[in-house]
Colleague: 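Below are the structure tokens for one structure; questions will follow.
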Amino acid sequence: MALFGTSGIRGVFGREVTGELALAVGRAVVRAVDDRVVVARDTRASGLALENAFVAGVLEAGGEVLRAGIAPTPALALASKRRGCAGAMMTASHNPPEYNGIKLFERGNELSARGERRVERAMGKARVTAGGVDERLEGVVEEHIALALAGVDVGTISERAPKVVVDSANGAASVATPYALRRAGCKVVGLNCDVSGDFARGLEPNETNLQRTGAFVRACGADFGIAHDGDGDRCVILDERGKMLGLDVQLALMAGKALEKRKGVIVTTVEASLAVREAVEERGGRLIITPVGSRGVAEAMRRSAAVFGGEPCGEYIFPGELTVPDGIATALHFAEMFAEAGKLSELASQIKVYPMRRAKIPCSNKERAMAVIRREASRLGGRQSTIDGVRVDFEEGWMLIRPSGTEPVIRITCEHHSEKGLRELWAKAQAIVKRAVR
Ligand code: MG
């Protein structure tokens with residue numbers, strides 16, 4: 001049974017992700033991961049029901065639950081690490097409000113593929129003993145904020161005291177980012193920072209969903225704005241004009257900043273643009289490319305002792321104690337960048353970007369479609385890589401066609417030095433995918 005996608009268990013609550021499923025996963029975690037589990041949730045309306053069902057499963061199997069309440073995913077991961085036990089986050093990240101899911105951790109790391117297989121095998125087999133322990137765990141968010149603050153120069157930020165709009169999408173970061181930035185000396189204007197579970201905007205921090213956020217940044221004369229997804233591991237930056245820096249640009253900027261502090265390895269995924277590659281090479285860094293997904297990025301970072309790892313969606317991992325994407329630390333690092341180097345729009349304008357296009361195409365049978373796509377793409381020539389989907393690199397551009405790990409869609413990404421080249425590449429990629437999903 002394939003229970004796990006690229007980001008744990010995720011689906012529409014009550015349909016794919018039910019209380020019964022959460023109960024069974026709770027039991028299985030005790031058997032397959034650890035009998036102590038820290039549990040947290042984002043702010044979705046279904047969160048408490050899902051958490052209670054999962055907790056019931058852990059207790060039935062005789063396990064011990066530490067409930068952290070509403071907390072960002074990185075805070076939950078840190079709690080799991082520091083207590084040397086399992087972690088379970090009830091979240092569907094950036095997916096729409098009707099979705100929910102369970103993301104599992106083992107001693108602070110995202111549960112490995114092997115761990116996921118262990119959980120799948122233990123489903124339905126767990127012994128029911130009853131007699132577990134259900135306790136509250138206080139201070140999880142505070143612990144995480146303290147760690148994130150230790151990673152930046154608070155003195156420099158405080159001196160500059162930037163005015164920052166924080167849009168947490170009324171998600172889990174509402175309980176963390178405004179406080180973390182204030183503690184660093186920022187003047188914070190909160191937007192969508194309550195935890196009622198009424199989402200005022202789409203949870204994915206993209207251009208469409210951040211129109212109002214951008215207007216808000218301009219209206220209050222902020223130095224920049226930051227926007228999170230539902231569980232606070234993702235962070236997107238808007239400049240003082242309320243414009244998104246661009247996912248590739250902000251990734252290139254953060255990779256460059258990391259390399260200026262310390263030379264070394266930068267890890268990113270097959271989705272990363274030429275801007276990131278060039279930013280890393282210009283500063284004498286070495287780039288390692290992994291399949292999409294923060295787990296692969298974290299593993300590559302561990303192996304290579306990397307100075308920074310990030311995905312183009314806005315999920316960044318900083319070296320140190322925490323080995324998962326951290327939207328709160330990301331917000332602080334951009335505050336530090338602003339304090340040290342000035343206007344983010346000006347820094348962004350120094351990053352050379354090439355014409356790029358991304359799209360998703362609905363697809364109900366991704367496996368079958370990808371088989372067709374791999375066959376067709378192999379006829380295109382170029383350098384072919386299949387570490388994740390199909391990536392074909394040409395002299396001046398590249399295309400990536402891969403199945404989404406969280407949605408029933410095939411994603412296409414193309415980038416080229418010229419607009420004309422991009423149009424040609426795009427037409428080829430689209431033709432291949434359309435034929436495959438027909
Ligand atoms: Mg997320």
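Counting begins at 1 with the first residue of the sequence. Atoms within a ligand are numbered from 1 in the order they appear, just like the ligands themselves.
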Colleague: Protein N, O or S atoms less than 2.8 Å from the Mg ion (ligand 1), ignoring waters?
Modeller: S93 OG, D229 OD2, D231 OD1, D233 OD1

Colleague: In this structure, are over 12 heavy atoms from other groups packed under 6.0 Å from R283 atom CZ?
Modeller: yes

Colleague: Does CZ in R302 sit with more than 12 non-hydrogen atoms of other residues, nucleotides or ligands closer than 6.0 Å?
Modeller: yes

Colleague: Under a 3.5 Å threshold, yes or no: a donor from one side chain and an acceptor from the other, between D326 and H144?
Modeller: yes

Colleague: Under 6.0 Å from the CZ atom of F199, do we count more than 12 heavy atoms belonging to anything else shown?
Modeller: yes

Colleague: Has R218 got a side-chain atom pairing as donor or acceptor with R241's backbone, closer than 3.5 angstrom?
Modeller: yes

Colleague: Please check if any side-chain donor atom of E407 sits under 3.5 Å from a side-chain acceptor atom of Y99, or the reverse.
Modeller: no

